[in-house]
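Each remark here refers to the structure printed beneath this line.
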Amino acid sequence: MSISTFNNIKIMGIAGTVPKGIVSNLNDHPNISQDEKKKTIQLTGISEYRKSTEEVCSSDLCQRSAETLFSEMNINPSTIDAIIFVTQTPDYRLPSTACVLQHKLGCNTSTIAFDISLACSGFIYGLYTACSFIEGGGIKRVLLLCGDTQTKLYHKEDKNVSFLLGDAGTASIIDFYKDADPLSITLRTDGSGYETMIIPAGGFRTPSSEATGKIVVGKNGEIRSDEHLHMQGIEVFKFASTTVVKTIKEFMDNIDITEKQIDYLFLHQANKFMTDKIARKLNIPENKVPYSLEFFGNTSSASIPLTITNHLSKQKESLSKRCILSGFGNGLSWGVADVILDKIYCPPVQEI
Amino acid sequence: MEKKFLENIIDIFEDENELSLDTKFSDLENWDSLKKLTLLSVVDENYGIMINNIENMSSFRDIYNVIISK
């Protein structure tokens, strides 16, 4: 197993922002029976999630998160050496939204800025990229932004996804920090599963056309066109509960850490049925597995940082915590990290 | 073995009448993606087997046969 370990890197702060608009899984979805809604909420653990208005993009949510960190942590934007924006809902097809954000955030033109197109594994990939950049020596501070407005990717009546996916945007400050605790990461890909979660049309393989925009109703309550998100829930479940669990186990064995030494397991917030199962298979008790999905749903690449900041902002003291993080999602793409969160700055989740 | 498996599925499908190994999925009142997920999960946790092709199976016996063949 290939694992990279970084020794002089620290996550200094994480902030999260969500839209004000709430979708209540029990009170909304008028075409679905109350009984079915209740059963779904019981299984997924998701009572509600946030939905942005047409004007609000993922970059706006991330920008607010970054500005919160700048002002509360007294960070001058000119000290940001790199901006990495992990998103699958960028502002434009081109240019990279990170370039737009470099200007909006008032960072120098010496800043490196680019987007990474990944979803639920994105925070781990972004973290690895940030660490590698800093390890190179020329870069001391990375602003890692993770955000998506997934509610714009699906038909709002598609039963497969409309109970799960919400909008959020986060910002993390990752610094060169001499003699910090080691930070280890492993990343994985299995492109044979690229169709498990896919928007089939609207790219360059199958450009948008009248036919791809046609809404089709499927036998399992799917309501979608080929330009909407298609998700094979059962396949995602199999992937998460076998392959992802196996990678986390191997990773923990390799870095020689037991479940007892872990303070927190921060999992991508797919749904509670899935995360509970992963935690159970790893023998990690429920009280070590914080959740943000109850009120924010599955928030793609934002879900791990959002869960961390939402959880730690409510703690009285910011003590040193050893955490295993794991993100997994479309690609298929997944990753695991071992991180010590020590005196990390986590403000309460903001709304716009 | 058979009895235990039957108990497992009765737990999941408590709102159904009279279940047996030969009950067809298509005869169930509630055979939706949530039930499929729960069934896969219970089989995985109790027998360590992830059923791969449930879409091509028609009754609980198909699943049971996979379990006893391992």
Side-chain angles (χ1 to χ4, degrees), chain A residues 25 29 32-46 158-164 190 192-193 195-197 218-224 230-246 249 270-283 298, chain B:
Chain A
N25 278 335
H29 312 290
I32 294 173
S33 75
Q34 286 305 108
D35 186 48
E36 189 174 351
K37 288 187 209 174
K38 280 183 193 153
K39 280 185 185 157
T40 306
I41 295 167
Q42 194 187 13
L43 189 91
T44 62
I46 299 169
D158 185 348
K159 236 168 62 174
N160 262 357
V161 284
S162 63
F163 280 82
L164 300 173
D190 180 5
S192 72
E195 288 179 310
T196 309
M197 285 160 277
K219 63 176 176 3
N220 294 318
E222 313 96 331
I223 301 177
R224 64 201 183 189
H230 293 216
M231 183 175 80
Q232 300 170 17
I234 301 265
E235 294 308 313
V236 180
F237 166 76
K238 283 193 230 165
F239 159 62
S241 57
T242 55
T243 313
V244 175
V245 169
K246 188 163 169 266
K249 273 189 182 159
N271 61 67
K272 198 156 188 303
F273 182 70
M274 207 125 96
T275 47
D276 276 355
K277 187 168 171 77
I278 294 173
R280 212 158 48 234
K281 282 189 153 187
L282 295 169
N283 289 321
N298 170 342
Chain B
M1 186 73 167
E2 193 174 317
K3 191 164 165 246
K4 187 184 158 218
F5 178 67
L6 211 51
E7 280 168 10
N8 292 149
I9 57 176
I10 288 168
D11 277 347
I12 307 170
F13 297 89
E14 54 191 3
D15 45 357
E16 305 279 346
N17 304 320
E18 298 195 28
L19 287 175
S20 77
L21 281 188
D22 293 311
T23 303
K24 294 245 186 300
F25 300 144
S26 54
D27 292 336
L28 296 169
E29 288 279 317
N30 281 307
W31 178 240
D32 54 19
S33 55
L34 300 187
K35 291 289 186 195
K36 275 183 215 171
L37 267 184
T38 316
L39 179 60
L40 289 183
S41 177
V42 165
V43 171
D44 176 38
E45 288 197 19
N46 285 282
Y47 306 97
I49 293 166
M50 186 55 75
I51 301 290
N52 263 325
N53 50 344
I54 193 159
E55 301 299 338
N56 302 329
M57 294 181 170
S58 59
S59 71
F60 292 113
R61 189 172 292 282
D62 293 339
I63 292 178
Y64 182 69
N65 287 341
V66 175
I67 294 171
I68 52 171
S69 72
K70 296 263 160 141

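Chain naming here is simple, since letters A, B, ... match the order of the sequence lines and numbering starts at 1 in each. Fair warning: this is a prediction, and the values are worked out from it, not measured in the lab.
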(request) Can you see which heavy atom on Phe273(A) is nearest to which on Leu37(B), and at what distance? (result) CZ-O, 3.7 Å
(message) Looking only at heavy atoms and a cut-off of under 4.5 Å, which of Ile51(B), Ile54(B), Leu34(B) has the most pairs with chain A?
(response) Leu34(B)
(request) Assess whether atom NZ of Lys4(B) is packed by more than 12 heavy atoms of other residues, nucleotides or ligands within 6.0 Å. (result) yes
Donor-acceptor pairs under 3.5 Å, chain B versus chain A:
| unit_1 | atom_1 | unit_2 | atom_2 | d |
| --- | --- | --- | --- | --- |
| Ser41(B) | O | Lys277(A) | NZ | 3.4 |
| Ser41(B) | OG | Lys277(A) | NZ | 3.3 |
| Asp44(B) | OD1 | Lys281(A) | NZ | 3.4 |
| Asp44(B) | OD2 | Lys277(A) | NZ | 2.9 |
| Asp44(B) | OD2 | Lys281(A) | NZ | 2.7 |
| Glu45(B) | OE1 | Arg280(A) | NE | 3.2 |
| Glu45(B) | OE1 | Arg280(A) | NH2 | 3.3 |
| Glu45(B) | OE2 | Lys277(A) | NZ | 3.2 |
| Glu45(B) | OE2 | Arg280(A) | NE | 3.3 |
| Glu45(B) | OE2 | Arg280(A) | NH2 | 2.4 |
| Asn52(B) | O | Lys238(A) | NZ | 2.6 |

(request) Answer whether the closest heavy-atom distance between the side chains of Met50(B) and Phe239(A) falls below 4.5 Å. (result) no
